[in-house]
Amino acid sequence: VAAFWLNRIPMFHTCTAERVAYRNFAACIVAPQSATFRNPYREWIGAQIRADYFGYAHPGNPARAAEWAWRDASISHIRNGIYGEMWVAAVLAAAAVETDWTKVIRAGLAQIPKGCRLRESLDRVLAQHADGLTYEQAVDALHQRWNEKKFHHWCHTISNAEVVAIALLWGENDYTKTITRAVAAGFDTDCNGATAGSLRGMMNGPEGIPAVWTKPLQDKFQSSIEGFQTYSISQLAEEMVDLALKK
């Protein structure tokens with residue numbers, strides 16, 4: 001993974017933990033030390049937002065998805081920074097074969113340590129949903145626990161994973177409501193909206209995504225990765241399916 005980054009991704013298209021890890025690679029500091037040396041961002045959301053591909057590649061196999069996510073995350077993150085990517089990848093894999101969000105979220109939690117702070121926090125969100133809290137009450141409780149204006153940074157893995165779980169559980173099986181509720185909750189809004197939309201899309205398929213979200217994209221996306229600067233979304237999806245079928 002580190003070699004791919006150095007060969008295919010411009011350094012200044014990375015940020016926080018990823019840029020520190022990149023700098024460490026260039027200085028011949030390899031994983032796992034690349035994740036810890038002078039890296040104050042090592043439990044931030046960066047790895048969690050890299051999880052999607054590993055879930056797509058292993059539909060119905062959360063354990064394998066989490067393993068691939070661990071390999072990716074461990075070059076730039078530690079502990080809960082790694083667990084966030086493992087959780088999202090495993091939830092994506094489970095969402096391909098299950099339609100109950102509580103079960104899907106728990107399938108992801110089964111792939112991370114029982115005693116970690118991320119699992120404790122997401123168990124709390126599940127309990128709040130089971131107790132009948134409203135979306136607004138769940139978000140208020142989140143901001144009471146994590147104050148992004150004091151001590152707790154808004155890019156930390158745990159609070160943002162909670163936002164994603166809230167959006168899924170209180171999204172009322174509606175794509176638009178799921179992603180907008182992820183954004184409305186605050187913290188790292190663009191990342192959470194993207195992750196929630198990815199998960200919702202995995203469960204419902206492309207037919208479950210309203211055209212208002214897909215039509216403006218004209219089946220294209222842009223990235224900084226060499227060979228994928230401008231690419232067809234549908235072509236990439238086909239390639240991911242082909243890869244998943246080979247596993």
Determine yes or no for a side-chain-to-main-chain donor-acceptor pair under 3.5 angstrom, with [X] supplying the side chain and [Y] the backbone.
X: Asp100; Y: Thr102; result: yes
X: Asn160; Y: Asp188; result: yes
X: Thr178; Y: Ala196; result: no
X: Arg50; Y: Asp72; result: yes
X: Tyr135; Y: Arg181; result: yes
X: His77; Y: Trp44; result: yes

*Mind telling me whether Trp146 and His156 have parallel, tilted or perpendicular rings, with 30° and 60° as the class edges?*
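Aromatic pair His156/Trp146 classed parallel.
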*Which of parallel (below 30°), tilted (30 to 60°) and perpendicular (above 60°) describes Trp170 and His129?*
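Geometry flag for His129 against Trp170: perpendicular rings.
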*Strictly by modelled atom types, are Thr157 and Asn80 linked by a side-chain donor-acceptor pair under 3.5 Å?*
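No - no donor-acceptor pair under 3.5 Å links their side chains.
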_Steps toward side-chain contact (heavy atoms from CB on, under 4.5 Å) verdict (Tyr41, His153)_ = CA-CA 10 Å; Tyr41 317 108; His153 198 280; over 6 Å; no
*Within a reach of under 6.0 Å around CD of Gln229, are more than 12 heavy atoms found that belong to other residues, nucleotides or ligands?*
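Yes.
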*Would you indicate whether Arg79, at its atom CZ, is surrounded by more than 12 heavy atoms from other residues, nucleotides or ligands within a distance under 6.0 Å?*
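It does not: Arg79 CZ has 12 such atoms or fewer within range.
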_Member of Asn173, Ile209, Thr99 meeting the side chain to side chain contact (heavy atoms under 4.5 Å, CB included) criterion with Asn204_ =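 Only one option passes, and that is Asn173.
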_For a quick test of reading the model, state the closest non-hydrogen atom pair linking Ala51 to Leu92 and the distance between them._
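Taking Ala51 first and Leu92 second, the nearest heavy atoms are O-CD1, 4.4 Å.
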